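What you see is a predicted model; the values in this text were computed from it and never measured. Values below: all heavy atoms of this structure, side chains included; hydrogens, waters and symmetry mates excluded. The residues of the chain are indexed from 1 along the displayed sequence.
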Amino acid sequence: MTDTAPPPVPPAHFWERIVAWTPGYGTVMLLIGVAYALCAAQIGLQPSALALLVQLLTVGVIFRVAEVKKVIRDVATVVLIVAAVGIALVWISGAEGTWVKVAMTAAAVVFYGVAPAAVIGHQIHRDVIDAQTIFAVVAAYILIGMFFTFAYVLASIPGNIFKGEGVGSLSEVLFFSFTSLSTTGYGNFVPVTATGQTLAIAEILAGQLFIGLAIARVVTAWMPRRK
């Protein structure tokens with residue numbers, strides 16, 4: 001008897017490779033960077049449709065990387081697809097108005113509110129400290145800053161919440177948000193309304209708590225466990 005070679009395995013279909021591909025927090029960081037750049041390049045305050053679509057993709061990838069329960073992930077996928085269709089229709093139709101501003105900005109607030117929660121929840125249950133952990137911590141920190149950015153924009157739709165003429169572009173709100181998150185506070189933008197001041201205080205506290213808890217988490221995981 002002669003041994004016969006096994007038949008060659010056909011190459012995986014392109015779609016099968018996409019489905020089998022497992023992204024990591026490096027991919028999440030890349031998507032966050034693209035979304036940040038799109039927002040920073042805008043002239044107005046409201047997020048563009050393209051930036052929102054990238055944010056949707058980012059949230060979808062985060063839910064997969066963070067190993068969210070399948071039921072929640074399936075529901076989130078449906079919601080994200082519906083939201084993407086709605087955003088695309090607004091983009092194509094060129095619809096404008098206060099309701100569009102509120103809907104688009106509120107969507108960004110929700111996306112950036114859910115995303116860091118998923119990342120933090122995933123890291124709490126991981127015992128390993130590696131490069132993925134570092135990427136996850138940085139990603140969550142940036143996502144929190146983006147969340148407050150769009151919360152400021154949403155609060156500014158009824159009227160200016162900053163002193164004087166206020167902010168005129170999304171890049172200025174990003175600057176204010178991240179200087180508040182890191183407690184740098186240059187003072188060139190000052191919230192004067194109760195809503196703006198409350199958001200600023202909440203962001204400052206969130207930034208300090210996050211850094212403290214993140215450092216404690218890393219140190220605790222590195223410490224040798226007692227038998």
Nearest 0.5 Å please: distance from the [atom1] atom of [X] over to the [atom2] atom of [Y].
X	Y	atom1	atom2	value
Thr58	Leu143	OG1	CG	8.0 Å
Thr149	Phe176	OG1	CZ	10.0 Å
Ile144	Leu209	CD1	CG	9.5 Å
Leu52	Leu57	CG	CG	12.5 Å
Leu170	Leu45	CG	CG	7.0 Å
Met104	Ile87	CE	CD1	6.0 Å

Would a 4.5 Å heavy-atom cut-off, applied to side chains only, mark [X] and [Y] as touching?
X	Y	value
Met146	Ser177	no
Phe63	Leu80	no
Pro116	Tyr141	no
Leu38	Leu50	yes
Arg64	Pro23	yes
Leu181	Phe178	yes
Pro47	Thr105	yes

Using a 3.5 Å distance criterion without hydrogens, assess whether the side chain of [X] forms a donor-acceptor pair with backbone atoms of [Y].
X	Y	answer
Thr133	Asp130	yes
Gln55	Ala35	no
Ser156	Gly159	no
Gln132	Tyr25	yes

Are more than 12 heavy atoms, taken from residues, nucleotides or ligands other than Ile43, located less than 6.0 Å from that residue's CD1 atom?
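Open.
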Taking atom CZ of Phe135 as the centre, report whether more than 12 heavy atoms of other residues, nucleotides or ligands fall under 6.0 Å from it.
no
Should the pair Phe175 and Tyr186 be assigned to parallel (<30°), tilted (30 to 60°) or perpendicular (>60°) ring geometry?
parallel
Which word best sums up how the rings of Phe162 and Phe189 line up, parallel for under 30°, tilted for 30 to 60°, or perpendicular for over 60°?
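The arrangement is perpendicular - the two ring planes meet at more than 60°.
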Distance-only side-chain donor-acceptor flag, Asp74 / Thr77, under 3.5 Å
no
Testing the basics here: between [X] and [Y], what is the closest heavy-atom pair and its distance to 0.1 Å?
X	Y	result
Phe150	Cys39	CZ-SG, 3.6 Å
Leu199	Ala151	CD1-O, 3.7 Å
Glu67	Arg73	C-NH1, 4.5 Å
Ile62	Ala118	CG2-CB, 4.1 Å
Ala139	Ile32	CB-CD1, 3.8 Å
Ala136	Val119	O-CG1, 3.5 Å

Report the hydrophobic cluster partners of Leu205, with the cluster defined as I, L, V, M, F, W, Y residues connected by side-chain heavy atoms closer than 4.5 angstrom, directly or transitively.
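Noted: Leu205 shares its cluster with Ile201.
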Starting from the C-alpha separation in whole Å, work towards a yes-or-no answer on side chain to side chain donor-acceptor pair (under 3.5 Å) for Thr193 and Thr195.
CA-CA 5 Å; Thr193 65; Thr195 302; 4.9 Å; no
Determine, using the 4.5 Å side-chain heavy-atom cutoff (strictly less than), whether Ile157 and Tyr152 are members of one ILVMFWY cluster.
yes
